[in-house]
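Throughout, a chain's letter reflects where its sequence line sits, starting with A, and its residues are numbered from 1.
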There are 2 protein chains.
Amino acid sequence: MVRKSASGRIGIADVAVKAGVSHATVSRVMNGNFTVDPDIAARVRAAAAELKYQPNPVGRSLALGKTDTIGIVVPDLANPTFQAILRGLSRAAAQDGYRVLIADSFEVSSEESILAGEARRRCDGLVLCAPRMSDAELEEIAPSLRPLVLINRTTAAAEVPSLVVDYGQGVQDIAEHLVELGHTRLAFLAGPPRSASNGMRLQGLETFKAAHPQVEVTMLEGGSDFDTGHEAVDAVLESGATGILAFNDLVAMGLMSGLHERGLDVPGDISVTGFDDIPFAKYTTPALTTAAVPITELGEQAWHQLRALIRNEESAAPGSSRYQPRLEVRASTGPEKAPRSTVHG
Amino acid sequence: MVRKSASGRIGIADVAVKAGVSHATVSRVMNGNFTVDPDIAARVRAAAAELKYQPNPVGRSLALGKTDTIGIVVPDLANPTFQAILRGLSRAAAQDGYRVLIADSFEVSSEESILAGEARRRCDGLVLCAPRMSDAELEEIAPSLRPLVLINRTTAAAEVPSLVVDYGQGVQDIAEHLVELGHTRLAFLAGPPRSASNGMRLQGLETFKAAHPQVEVTMLEGGSDFDTGHEAVDAVLESGATGILAFNDLVAMGLMSGLHERGLDVPGDISVTGFDDIPFAKYTTPALTTAAVPITELGEQAWHQLRALIRNEESAAPGSSRYQPRLEVRASTGPEKAPRSTVHG
DNA sequence: ACGGGACTGGAAAGCGATTTCTCTTCTTTT
DNA sequence: AAAAGAAGAGAAATCGCTTTCCAGTCCCGT
């Protein structure tokens with residue numbers, strides 16, 4: 001009969017009794033401390049095996065002051081970008097024996113810092129993914145969240161590395177590509193207003209406009225999902241633009257679908273571009289021209305940065321790094337046809 | 001100057017000192033125990049606020065014997081189906097103040113039970129998603145994992161509710177639909193061999209074949225992602241089938257993309273169907289005919305079942321439930337054209 | 001043969017909370 | 001006014017484990 005120590009599960013005490021030693025010795029054996037007589041160690045191991053003893057991680061965490069768990073806060077778990085980051089992070093962390101706790105803020109920026117704090121206290125470190133909170137708030141809470149790694153966001157707070165994708169450059173590359181194809185009237189379908197990556201894209205477009213004064217760039221309201229793109233068809237057509245830069249691949253796909261329903265040809269009538277190069281982008285018809293972001297790798301790198309912080313708080317803070325998107329020209333962009341209207345304005 | 005109790009963070013002891021009371025009293029106040037004098041309670045609260053005290057969840061967990069966290073084990077975090085389940089689960093659990101810890105087994109079935117055990121010990125309950133392990137192993141470890149909820153898998157172990165989608169019925173519905181359109185030669189692009197849901201589909205097809213002896217059904221090897229579908233083009237064409245049942249939407253999309261590259265028309269030349277009705281399915285060209293599975297809802301229901309188990313182990317074990325897929329006829333299926341070859345075999 | 005260093009393993013002190021137990025102190029009742 | 005009862009708050013036990021501290025053992029050199 002297996003003794004149960006008060007609670008329902010087998011504890012270190014049960015093993016100690018069965019092996020006829022103190023629980024301190026059991027602990028030593030379980031943790032590979034070699035100051036234990038091999039015979040006794042064997043006896044303890046046998047007892048542990050027979051009882052199927054597994055140390056309670058909560059007790060362990062309390063004693064050790066670490067949980068072997070990291071947290072990640074994302075604004076929207078439905079977004080493929082964040083899913084990919086999560087996947088990369090989880091995979092990399094698992095290889096080092098760490099688990100990941102997820103927190104979805106559902107784009108409610110006011111919840112973010114609370115969520116982050118709660119997650120952080122249960123973990124050894126935190127990855128904050130494209131937080132929607134203000135710069136001021138971020139800078140204020142960042143220190144209490146360390147070890148902390150930021151993704152697609154930066155902060156002035158010390159010891160907080162951040163990994164950011166250069167969306168501004170990516171958007172410029174795409175716009176250049178469209179211009180080279182002869183397009184002179186572009187439209188940008190924007191993303192969520194609070195998204196920093198949307199801000200970076202807007203900045204990139206400003207730079208582009210400065211360099212290409214002859215190109216007309218219309219800004220359209222948007223979002224980050226299929227429906228946004230699908231619903232934007234009218235606005236896009238009204239703009240008269242022939243080259244559309246969608247916030248991301250999802251929006252681009254929704255838009256293409258909508259254009260298709262209107263009987264318009266992509267890229268014959270209108271060229272459409274996305275951003276991110278999600279796995280689906282290759283398989284749309286026509287295949288989507290987009291800017292590829294090594295997004296899973298981003299999650300992986302986030303772990304490496306976090307690991308460095310966790311392992312050695314003194315270590316030279318690993319600098320923040322910047323990822324350059326790579327233009328992927330596919331079939332959804334083509335040369336501008338004869339303009340539908342000769343003059344405008 | 002804020003006192004730090006040994007560790008770097010502010011503990012209950014600091015608040016106790018600052019408020020001039022014992023930590024027992026602080027605990028009482030923080031937990032809404034009303035046997036504390038209002039004046040003292042106010043003093044404690046003030047001290048806690050000033051020190052920005054937040055109770056350490058690990059210490060709390062040890063004392064309370066609960067972590068307010070649940071775990072989920074999935075075979076592949078890259079799979080949209082599991083992502084959707086995770087999303088539903090996370091959202092529902094968050095509403096009740098629970099967090100979720102994720103574990104990805106990367107389709108390595110031998111790791112699954114270890115992973116599950118480790119996750120379970122850190123949590124108050126576990127959701128096992130489409131486990132790839134054998135029935136015997138599942139039944140053996142299930143009791144030690146309780147409270148446990150299974151998704152797309154059942155077990156004989158007691159007190160383990162499971163939520164399963166009736167893939168068999170769904171496949172039959174799709175096949176019927178194709179037959180009604182005049183197709184007499186079908187092909188099934190199978191999924192991962194160890195997947196139970198693949199097994200259910202195969203069973204469904206057997207039932208279908210028994211009911212429709214005149215219909216030829218070819219079985220093809222496959223997988224669960226885009227590339228599988230894309231690479232299956234040759235095999236599909238060789239089979240001579242005019243109606244293709246892909247394992248899921250991803251495979252269907254990959255296949256359609258491949259067929260498109262070969263200059264074939266869907267559904268003109270070949271009809272293609274998917275399974276799951278992922279958000280993308282609506283937006284492919286042509287829009288994908290598929291069987292819709294309320295997958296996010298599945299994650300949500302998993303939480304409800306788990307919650308019932310956690311809250312009251314005595315409660316009538318909530319029965320297992322079965323979800324019926326709903327046929328979504330879209331544009332990727334159409335009537336069979338004149339057969340490309342009159343006779344075969 | 002005896003003192004000192006290397007080993008072993010038990011006892012006990014945390015880790016940071018919650019909670020029971022107990023002792024005051026203040027009310028209330030007779 | 002005395003006894004019984006209620007209420008409030010501190011001391012101490014717990015949760016399950018790790019780890020320091022320390023008391024014995026054993027072996028070795030002198």
Side-chain angles (χ1 to χ4, degrees), chain A residues 3-45 47-48 51-69 118 120-124, chain B residues 3-45 47-48 51-69 118 120-124:
Chain A
R3 151 121 7 97
K4 297 184 294 181
S5 72
S7 93
R9 286 192 123 69
I10 295 166
I12 199 171
D14 303 294
V15 180
V17 169
K18 182 158 192 105
V21 298
S22 74
H23 51 273
T25 301
V26 176
S27 172
R28 280 188 273 257
V29 172
M30 300 305 288
N31 292 297
N33 184 324
F34 289 110
T35 69
V36 178
D37 183 288
D39 289 351
I40 295 188
R43 214 165 71 222
V44 169
R45 257 186 281 274
L51 259 36
K52 292 192 204 302
Y53 166 69
Q54 306 277 159
N56 176 326
V58 179
R60 240 173 151 258
S61 292
L62 188 59
L64 257 30
K66 65 185 197 129
T67 61
D68 289 341
T69 300
E118 282 186 352
R120 175 59 186 83
R121 277 193 299 281
R122 300 176 183 274
C123 301
D124 299 344
Chain B
R3 152 119 6 95
K4 296 185 292 181
S5 72
S7 92
R9 285 191 124 70
I10 296 165
I12 198 171
D14 303 295
V15 180
V17 169
K18 182 159 192 103
V21 298
S22 73
H23 50 273
T25 299
V26 175
S27 174
R28 278 188 275 258
V29 173
M30 299 305 287
N31 291 295
N33 184 324
F34 289 109
T35 71
V36 177
D37 183 288
D39 289 351
I40 294 188
R43 214 165 71 220
V44 169
R45 257 186 280 275
L51 261 37
K52 293 192 204 304
Y53 167 68
Q54 305 278 158
N56 175 327
V58 179
R60 243 173 149 255
S61 292
L62 187 59
L64 293 173
K66 66 184 194 129
T67 60
D68 289 342
T69 300
E118 283 188 352
R120 174 61 185 83
R121 260 173 281 123
R122 299 174 183 274
C123 301
D124 299 343

Chemist: Mind running side chain to side chain contact (heavy atoms under 4.5 Å, CB included) on V29(A) and R45(A) for me, showing each step along the way?
Modeler: CA-CA 7 Å; V29(A) 172; R45(A) 257 186 281 274; 3.6 Å; yes
Chemist: What is the distance from CG of D14(A) to C1' of dC15(D), rounded to the nearest Å?
Modeler: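 Rounded to the whole Å, the gap is 14 Å.
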Chemist: How would you label the contact of V21(A) with the nucleic acid (heavy atoms, under 4.0 Å): base, sugar-phosphate, or nothing?
Modeler: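 Contact class for V21(A): sugar-phosphate only.
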Chemist: To the nearest 0.5 Å, how far apart are CD1 in I40(A) and CZ in R43(A)?
Modeler: 5.5 Å
Chemist: Of the options N31(B), D68(B), T67(B), which is the one that meets R60(B) in a side chain to side chain donor-acceptor pair (under 3.5 Å)?
Modeler: N31(B)
Chemist: In whole angstrom, give the distance that lies between atom CG of D39(B) and atom C1' of dG8(D).
Modeler: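 Answer to the nearest Å: 12 Å.
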Chemist: Atom pairs under 3.5 Å, N or O on each side, protein against nucleotides 19-24 of chain D: can you list them with distances?
Modeler:
{"from": "dT20(D)", "atom 1": "O4", "to": "R28(A)", "atom 2": "NH1", "distance (Å)": "3.4"}

Chemist: If I take atom CG in residue L62(A) and atom C1' in nucleotide dG16(C), what distance separates them, rounded to the nearest angstrom?
Modeler: 6 Å
Chemist: Would you mind telling me which residue lines up with the more 5' stretch of DNA chain D, G59(B) or D37(B), judged by nearest nucleotide?
Modeler: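 Checking each residue's closest nucleotide, the 5'-ward one belongs to D37(B).
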Chemist: Verify side chain to side chain contact (heavy atoms under 4.5 Å, CB included) between K18(B) and V15(B), making sure each step is shown before the conclusion.
Modeler: CA-CA 5 Å; K18(B) 182 159 192 103; V15(B) 180; 5.8 Å; no
Chemist: Which residue, D39(B), V21(B), V36(B), forms the side-chain contact (heavy atoms from CB on, under 4.5 Å) with V44(B)?
Modeler: V21(B)
Chemist: For dA17(C), does OP1 or OP2 lie under 4.0 Å from any side-chain N or O of Y53(B)?
Modeler: yes
Chemist: Without decimals, in angstroms, what is the distance between I12(A) CD1 and dG10(C) P?
Modeler: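 To the nearest whole Å, that distance equals 12 Å.
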Chemist: Once you round it to whole Å, what is the distance between P of dC17(D) and CZ of R60(A)?
Modeler: 10 Å
Chemist: Side chain to side chain contact (heavy atoms under 4.5 Å, CB included) between N56(B) and R9(B): does it pass, once the steps are laid out?
Modeler: CA-CA 9 Å; N56(B) 175 327; R9(B) 285 191 124 70; over 6 Å; no
Chemist: Grab the CE-P distance between M30(B) and dT18(C) for me, whole Å please.
Modeler: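 The distance from CE of M30(B) to P of dT18(C) comes to 8 Å, rounded to the nearest Å.
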Chemist: Provide, to the nearest angstrom, the distance between the CD1 atom belonging to I40(A) and the C1' atom belonging to dT25(D).
Modeler: 12 Å
Chemist: Using modelled atom types and a 3.5 Å cut-off, is there a donor and acceptor pairing between side-chain atoms of S61(A) and backbone atoms of P57(A)?
Modeler: yes
Chemist: How many Å lie between NZ on K66(B) and C1' on dT18(C), as a whole number?
Modeler: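 Atom-to-atom, K66(B) to dT18(C), this comes out as 12 Å.
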Chemist: Mind checking if V26(A) touches a base, just sugar-phosphate, or nothing, with heavy atoms under 4.0 Å?
Modeler: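 The residue V26(A) makes no contact with any strand.
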